[in-house]
Every structure is written in structure tokens, then in C-alpha cells.
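Data first, discussion second: the structure below is written as C-alpha cells.
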Amino acid sequence: MNETSAPVASSDAATATQIEISDEIGGIVRAYETQTAVESAPRLDYPPYRSSILRHPTKDLRHADPEAVERYGPVFGEHEIDPLESDLTVQHDGEPIGERIVVTGRVTDGDGRPVAGQLVEVWQANAAGRYIHKRDQHPAPVDPHFTGAGRCLTARDGSYRFTTIKPGPYPWKNHHNAWRPAHIHFSLFGTDFTQRLVTQMYFPGDPLFALDPIYQSIVDPSARDRLVATYDHGVTQHEWATGYRWDIVLSGGTRTWTEQDER
């Protein structure tokens, strides 16, 4: 190693401070502001997101035969989706702890046409920011009345609707004192197993947005904004739940960012 060369960012857990991460994010923002090309997709190699240093793809994706994938992939039918699966607050005997919310919106193509019969799946942390997963060792309580997963099919107008608990932020080991903004993961399967969109929905006004390298890996501000739901008082229910609206666009210039987008 050349002793005079600049230090290389490490993917080791929690070796950088938030100030160092924020400085790196700021440098990328300033560089992006000088370019003319718009980047609406996340950067796969985004050094402030430490895991991307060693894990991001560097070669062309291996293209699989879509027909062969269909022969071996899982299959679901519309009859297997129960309407109660869209309510994440009724999956156990007791009431989950936290702010009850309704999240609704429409799934459309790039021309605004509704996508009906679309399987929409969600998973999330509980109100304390804890997932039910053996690798989640965050010392926050597990809610015995909240699993944090649900699914539904879009209606003829492309609409979906979930009742759930607002997730809490949680720490992760990207760097020292790193916290992720509250978010809900979304997965949409198309008509084929190879057609899948995975993304995240955030909540408006989260103070962690500027500090989070995953959120900031989408360098274009307008593309990031499309991941943030809108509080909608028309969706809010009297003495029951607050409401948020978030639309998902599958194609076109305003499409929703995906976690494994093509480059």
C-alpha cells in the first residue's frame, strides 16, 4: 500500500462517524449538482453506504431464460390472498403497540393507467424499530401482537390499502450511531416471477433523511421525494388511525425507484 495514498472507505461495521458519512454524502451532492444528467435510480456503488463497496454488482447481470424460471419459481393464485392479510393489526390475539395508520395509494403504469390484480406485499419493523428476525439484535422490545408483514391485491382502479402500525427508526451498523428513517418495504410481483419491484416507502418530515446513506444513494432530490408518502386527512379515520397516501408508478419518467434497478 502506498503510504501517501488517501484512505479507502471500509465496509467494516461502524468504523466511520456520522460526520464523516455526512461529509461524503455532501461531496456527492455537490458533484451531482454540477452535472446535467438526471439520475433517478440509486447508485449501486455509493461509498457512504458501506456495504455497497464490496457487494455492488460490477459485471453485467446473468440473464436467465424467463420461461425456465417460470417452471421452477413459486406460483400464487388470487384465491390464496385473504382480504384480512392487508390488516397487520389483527394477526394476533391482542392489539399491537404504536400509532395505528392506514397506508393507501394506486399502482399505475407510466401513463397513469391502473394496474389491477397486482400482488402488493409489505414488511416492516414494529413501533419500537424491531423486526421479528433472528439477526435483528436491536435491544428494543418485540411486540408479541405484531408480525410486520401483510399483502393484498390491487383493485380494478389499481388501489391498495393496508392497516398497520407506524414503524419506528432503528440503528444499523453502517457507521457509528447510524439510524435508518422509519420506512415500510414494498414488493410488487407482476404476472411473471421475473417481474418484481422492491422498494421502500418513507414518512414525511423524517429528520433522519439527510443522514441516511441508503435514502441518499438516490442522488436526484425529486426521485427521492417520490419515495415519501403524503399525510392525507381524508384517509385518517376518526379515533382510529392516521392516514398516508403513496402511489407507485411502474414505468416512465416518474416511476418509483426500485432496489435492484438496471444500470
Side-chain angles (χ1 to χ4, degrees), residues 6-61 122-125 129 131 135-136 138 167-188 196-230 246-263:
V8 177
S10 170
S11 61
D12 293 342
T15 56
T17 66
Q18 182 65 62
I19 292 177
E20 292 171 325
I21 294 294
S22 295
D23 285 345
E24 293 178 27
I25 292 174
I28 293 171
V29 170
R30 290 189 291 274
Y32 178 70
E33 290 173 345
T34 65
Q35 71 179 50
T36 56
V38 176
E39 294 185 46
S40 58
R43 290 188 178 182
L44 300 182
D45 180 12
Y46 189 76
Y49 182 7
R50 292 298 194 242
S51 295
S52 72
I53 297 174
L54 298 178
R55 297 178 183 174
H56 76 277
T58 58
K59 298 180 175 59
D60 187 24
L61 299 177
V122 296
W123 65 95
Q124 62 168 97
Y131 287 98
R135 294 187 62 185
D136 188 345
H138 173 207
Y170 57 83
W172 61 309
K173 296 182 178 179
N174 185 75
H175 55 278
H176 181 68
N177 201 19
W179 288 78
R180 291 233 59 217
H183 60 277
I184 298 177
H185 297 269
F186 274 70
S187 167
L188 283 75
R196 189 187 186 195
L197 178 153
V198 179
T199 188
Q200 300 177 20
M201 185 209 86
Y202 296 88
F203 294 87
D206 197 312
L208 296 172
F209 283 157
L211 308 179
D212 180 47
I214 292 182
Y215 181 76
Q216 293 292 331
S217 68
I218 309 168
V219 294
D220 186 71
S222 61
R224 286 199 304 268
D225 289 346
R226 293 199 291 272
L227 296 184
V228 182
T230 302
W246 187 56
D247 295 332
I248 300 170
V249 182
L250 300 181
S251 60
T254 58
R255 65 175 177 167
T256 302
W257 163 75
T258 65
E259 291 189 347
Q260 296 181 357
D261 210 341
E262 69 274 12
R263 298 288 289 178

(request) Could you grab the distance from atom OG1 of Thr199 to atom CG of Leu227, nearest 0.5 Å is fine? (result) 5.0 Å
(request) Could you tell me whether the side chain of Asp206 and the main chain of Ala182 form a donor-acceptor pair under 3.5 Å? (result) yes
(message) Using 30° and 60° as the class boundaries, would you call the ring planes of His185 and Trp123 parallel, tilted or perpendicular?
(response) parallel
(request) Give me the ring orientation class for Tyr170 and His183: parallel if the planes are under 30° apart, tilted from 30 to 60°, perpendicular past 60°. (result) tilted
(request) Answer whether the closest heavy-atom distance between the side chains of Tyr202 and Leu208 falls below 4.5 Å. (result) no
(request) Give a yes-or-no answer on whether the side chains of Tyr49 and Asn174 include a donor-acceptor pair shorter than 3.5 Å. (result) no
(message) Does atom NE2 (His138) have a neighbourhood of more than 12 heavy atoms from anything else shown, all under 6.0 Å?
(response) yes
(message) To the closest 0.5 Å, what do you measure between CD (Gln18) and CG (Asp212)?
(response) 8.5 Å
(request) Taking all heavy atoms of Ile25 and all of Ala210, pick out the closest pair and write down the distance. (result) CD1-O, 4.0 Å
(message) Donor-acceptor pair, distance only, cut-off 3.5 Å: does the side chain of His175 make one with the backbone of Ile21?
(response) no
(request) Provide the closest heavy-atom pair for Pro167 versus Ile184 in the form atom of the first, atom of the second, distance. (result) CG-CG1, 4.0 Å
(request) Verify, without hydrogens or angle tests, whether Ser40 (side chain) and Ala223 (backbone) share a donor-acceptor contact under 3.5 angstrom. (result) no
